[in-house]
Amino acid sequence: MIRDARVLDPEFVPRDIVHRDAEVNALSNALDPITEGEHGETMFLFGPSGTGKTCIARYTVEQLREAVIDITTQYVNCWQNYSRFQVLYEILSAIGRTVDIHRQSTPADLLLQRIQNYDGSPYVIVLDEVDQLEDKDVLYDLYMTRGISIVMIANREEDLFAQLDERLVSRLHASRRIRFERYGMDDLVAILQARVDRGLTPDAIDDEDLRFIADAAAGDARIAIATLREAARTADRDGLAHIPSETVREALPNARETLQQKSLDRLKPHQRTLYDIIEECGEVDPGELYGQYQERTSTPKSKRTIRKYLQKLAAYDLIIAEGEKRGRTYRLAE
DNA sequence: GTTCCACCGGAAACGGGGGACC
DNA sequence: GGTCCCCCGTTTCCGGTGGAAC
């Protein structure tokens, strides 16, 4: 039944984008000067998870690569590459100047210097999850580097700008922003249908079941595609030529669990302990949480480190930190 | 209204690990 | 081998803040 499993991969970038024409056009226009050998505009893409920001950025950059023969591009996930050094290293690696760079001892300033000295083809950098960068000053350095066009992706505009210093805010104030709203029901159905057409055999799934998935995903394309993938894999494993409705319904919780498990797998052991405690307690205040954490760990980290871990868990959407300061409690995300 | 205190989060310091240089 | 420099995870310090107790 599965003709092309890549299409069902959450990272897959389709050849044709459905229902994001305005966003694609806005980003294409901003980067269009590059086709004339000029500099692209600095862009921000804002919106909730699963609204297609990363997909649109990758797609548009790919289109640009097809239009411009001589161009360099790099996608950097600032979640995985959150330090100044890591970001600069990723950017430098795309222009092949990292051979003699050592991750433990080379000064980050040397990496920046090499990027600033780069005088090759136009360079487009996509910085995904840019709000997860620990050192935001690197954005200023990159902004001031000529020959580089930057596309930055984050969930919430207010949260990102609250983290930037005034110098950066004033520079980036004029940058263009594209806001991504949650997908509507019909949009999600169309996205799923496009994946079905390319990835599955004809009539592999009923329209009604596609609508069920779209409805249950509540505007989040990640969940919708993961559910389709889960259902298709189950039916394929069972040797079926058609995905039964009950398989689709069973796939939904499994898909959510798979997405959540991916986040859980990225946690360090101490972070996982914290998650387990919060899961068992339902809702817990910081004092109680740290007390239980100390009991379960032979070499507990400091309270400050635990607060950093909890911030990470919240940023992963695994937990919710409710209230401020002393009135704060932690509980699992829905 | 005031005081106390738990908690948050920024900044600086610390220490381990690793490469470069002499 | 010793020293220096750097990155990075962690700890320490501390000012700010909101809720509880008085």
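Letters A, B, ... mirror the listed sequences (proteins, then strands); counts begin at 1.
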Looking at Ser302(A), I'd like to know whether one of its side-chain N or O atoms comes within less than 4.0 Å of OP1 or OP2 on dT10(C).
no
With a 3.5 Å cut-off and heavy atoms only, can you find an N or O donor on one side and an acceptor on the other between the side chain of Arg304(A) and the base of dG10(B)?
yes
Compute the angle between the rotation axes at the two ends of the helix from dG1(B)-dC22(C) to dC22(B)-dG1(C), each taken over five pairs, rounded to 10 degrees.
10°
May I ask you to say what Tyr89(A) touches in the nucleic acid, namely base, sugar-phosphate or nothing, with a heavy-atom cut-off under 4.0 Å?
nothing
Kindly point out which of dC6(C), dG9(C), dG18(C) is positioned nearest to the side chain of Pro107(A)?
dC6(C)
Using only side-chain N and O atoms of Tyr309(A), determine if any of them is under 4.0 Å from OP1 or OP2 of dT10(C).
yes
Is there a side-chain polar atom (N or O) of His102(A) under 4.0 Å from OP1 or OP2 of dC7(C)?
no
Rounded to whole Å, CG of Asp135(A) lies from C1' of dA11(B) at a distance of 13 Å
OP1 or OP2 of dT10(C) sitting under 4.0 Å from any side-chain N/O of Lys301(A)?
yes
Hey, does the side chain of Thr305(A) come within less than 4.0 Å of dT11(C)'s phosphate (OP1/OP2), counting only N and O?
yes
Strictly distance-based, threshold 3.5 Å: is any side-chain N or O of Arg114(A) a donor or acceptor partner for the main-chain N or O of Arg97(A)?
yes
Residue mapping more 5' on DNA chain B - nearest nucleotide basis, Arg328(A) or Ser105(A):
Arg328(A)
Separation of atom CZ in Phe85(A) from atom C1' in dG18(B), rounded to whole Å:
12 Å
Aromatic contact, Tyr143(A) with Tyr140(A) (centres under 6.0 Å):
no
Rounding to a whole Å, what distance do you find between Lys325(A):NZ and dG15(C):P?
14 Å
For dC7(C), take OP1 and OP2 only and decide whether either is under 4.0 Å from a side-chain N or O of Gln86(A).
no
Nearest-angstrom distance from the residue atom CG of Leu111(A) to C1' of dC6(C)
12 Å
Return the value, rounded to whole Å, for the distance between atom CZ of Arg84(A) and atom C1' of dA11(B).
17 Å
Within the structure, does a side-chain N or O atom of Tyr330(A) lie under 4.0 Å from either OP1 or OP2 of dC7(B)?
no
Answer yes or no on whether Arg84(A) is positioned over the face of Tyr89(A), meaning its NZ or CZ is under 6.0 Å from the six-membered ring centre and within 45° of the axis.
no
Taking for each residue the nucleotide of DNA chain B bearing the nearest heavy atom, is the 5' side occupied by Gln104(A) or by Asp100(A)?
Gln104(A)
Rounded to the Å, how far apart are Glu324(A) CD and dG9(B) P?
7 Å
Can you tell me if the side-chain N/O atoms of Arg307(A) get under 4.0 Å from OP1 or OP2 in dT12(C)?
no
Less than 4.0 angstrom from a charged side-chain N to a carboxylate O is my criterion; do Arg156(A) and Glu129(A) meet it?
no
One thing to verify: whether Asp238(A) and Arg233(A) come together as a salt bridge, which I'm taking to mean a side-chain N less than 4.0 angstrom from a carboxylate O.
no
Over how many whole Å does the gap from Asn81(A) atom CG to dG9(C) atom P extend?
11 Å
How about Phe161(A) and His173(A): are their ring centroids closer than 6.0 Å?
no
Spacing of Ile225(A) atom CD1 and Leu192(A) atom CG [to the nearest 0.5 Å]:
6.5 Å
Integer-rounded Å distance: dA20(C) C1' and Asp285(A) CG:
14 Å
Nearest 0.5 Å please: distance from the OH atom of Tyr82(A) over to the CG atom of Asp131(A).
15.0 Å
Kindly say if Lys308(A) contacts the phosphate of dC8(C), meaning a side-chain N or O under 4.0 Å from OP1 or OP2.
no
